[in-house]
Amino acid sequence: MGSFQSPMDTRTTAMLETSCGYLLQELQMIWDEIGEDEFEREKVLVDLEHECLQVYRRKVDNANMSRARLHQEVADSEAQFTHLLLSLDERSLPRPEKMAGALKEQLGAIAPALKKLQMRKAERMKQFRTVQSQIQKISAEIAGQSEYDDSLPDVIVNENDLSLKKLEEYQMELQRLHADKNDRLERVKNYINTIQKLSSTLGMDSSMIITKVHPSLNDLSGLTKNMSDRILDKLNSTVESLEAEKRLRIEKLRNLGNSLKKLWDLMDTPYIERALFSHISGSTSSSTNMSAPGSLAIKMIEEAEAEVERLDELKASKMKEVVVKKQSEVEEICRRSHMEVPSLSETDHILNSISGGKMDYTDLLKSMDEQIARAKDEASSRKMIMEKVEKWALAREEERWLEEYNMDENRYTVSRGAHKNLKRAERARSLVNKIPALVESLILKTRSWEEERKKVFLYDEVPLLALMEEYSMSRREKEEEKQRRQRDKKIAQSHVVVLHESVMWTQPVTSSHRGLDQSIDGNKPNSTGIQIESNNERLSHKSAPCVKNGNVSKKLHRSRRDRRFGEDLPSTVSTFSSLRSP
């Protein structure tokens, strides 16, 4: 049986077996030397054991915490590794095998793969940030925002999706934006080139026009060209406006060229004057190139307009001369044919229209030529009637001369030229005898002409038919009056013979004969004059109804006063002549 050991010995032995055993043995020796009692010794040893337990507890707690932390780190590393694999879409990478050893060994096994993925993530993040920054920049340029605009947001990369597929999508978007940007820049360039060409052709300042659209489009500004949709629309509208202005000026220039050609041809302008505006007249052809610099400048058009205006004024002056000349020609035709002359008010209206530029000269000349043609045509249709009117006028002149000749008491006396007057009287009587048939023929032809033309045949503004009918009636009345006077004359002569015979028986022949002759000669003019006056009055009253228009008689008497064959019939002379004729 072994020896019994006390708890002190047991604790001491246990402590001796630890690293503190040597110190406890030294403490035992000191207590033995001091003579410390057992109770104090036991108390000190209990305190030492309690303190050691606390130290061990703290160490164990720290070790547990360290183990938990290592467990967490291993779990976090594995979770981060898994997340990186998913976010980077790197599922093909080998996953570290989970070890059954110590935690530090497990953490050390996963750390290299995790670090590799983290580096790949950082690189991928940089790529995403670069691509997204370029996308944002180009999008801002396309939207018309300045690269120096502070309102642009910072680039935010989605760390949950860093796959190559997503990166490729961003890169494709970037390529699309690059293509859109290049296309827009090309369109801007084309628009600017077109504006410069059109401005050069129109004689405008292209730099001012382009700067007005947007200052950045001017190369001298040094700014990035704005390529937004709004600017493209403004450039397009500017080009359309310039092209419309070009078409308008081309049309205006061609019209001016055509006007110049017509005016030159109309006025036979010499070649040296035409050469000054050959570039204008040459623009009338559709094949003419109208894109040369300054070819459509407003100054050139204003010069052409001024030249056309000058030629128009010159043409108006010459056209007035032509109109007056043609009007004179019409009036001459009308006067020769005794037709109605066009009113002067119409001519004045034409001349005023020419001065005001309200009349087409081509139509005017055509109208004047048509008027001359109508006048000539009517004159031609009146020719046969006018020839008969001339014959009637000649016959009337001979009739008047014959009446005056018959009134001459000395016509049968022997004198110089008497035999010529006798021969003329014979011819006149022959011609006067043809007047009734001539007048009748004139009336028939005039009526036929009026029915064909549906208008009245005017002779110096007097209806010829009314004139002929009045003349016929006047002639018939005059013949009737002549016959009546001849009968009265015969009766008077028979009374004179009877009276003469009776007087011869009662008075001396000489005195009675002289007295009778005086009474006969004296009474004859008075009685005849009174009778003629009443006859003339009756003739004028009877001839009035033959004229359809009340103004015709006035025109007729005026025409008769102005023209030899239209004068009033000398009834008194004819009557007196018939009484005095043998």
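Just the heavy atoms: all of them, side chains too, but no hydrogens, waters or symmetry mates, feed the values below.
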Between [X] and [Y], does any side-chain N to carboxylate O distance fall below 4.0 Å?
{"X": "Asp233", "Y": "Arg230", "answer": "no"}
{"X": "Glu378", "Y": "Arg453", "answer": "no"}
{"X": "Arg176", "Y": "Glu173", "answer": "yes"}
{"X": "Glu307", "Y": "Arg310", "answer": "yes"}
{"X": "Glu387", "Y": "Lys445", "answer": "no"}
{"X": "Asp265", "Y": "Lys261", "answer": "no"}
{"X": "Arg335", "Y": "Glu332", "answer": "yes"}
{"X": "Lys326", "Y": "Glu329", "answer": "no"}

Does either side chain, that of [X] or that of [Y], offer a donor lying less than 3.5 Å from an acceptor on the other one?
{"X": "Asn218", "Y": "Thr211", "value": "yes"}
{"X": "Ser207", "Y": "Asp205", "value": "no"}
{"X": "Asn64", "Y": "Arg67", "value": "yes"}
{"X": "Glu240", "Y": "Asn236", "value": "yes"}

Other residues, nucleotides and ligands only: do more than 12 of their heavy atoms fall within 6.0 Å of [atom1] on [X]?
{"X": "Lys197", "atom1": "NZ", "value": "no"}
{"X": "Lys246", "atom1": "NZ", "value": "yes"}
{"X": "Lys181", "atom1": "NZ", "value": "yes"}

Flag the pair [X] / [Y] as yes when at least one side-chain heavy-atom distance between them is below 4.5 Å, and no otherwise.
{"X": "Ser66", "Y": "Arg69", "answer": "yes"}
{"X": "Leu162", "Y": "Val157", "answer": "yes"}
{"X": "Lys262", "Y": "Lys315", "answer": "no"}

Query - Heavy-atom closest contact (Ile298 atom, Arg249 atom, distance) - result: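 Closest pair (atom of Ile298, atom of Arg249, distance): N-NH1, 3.5 Å.
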Requested in this report: Evaluate side chain to side chain contact (heavy atoms under 4.5 Å, CB included) for Met339 paired with Arg382, printing each intermediate quantity in order.
Outcome: CA-CA 9 Å; Met339 295 188 300; Arg382 294 164 59 100; 3.1 Å; yes
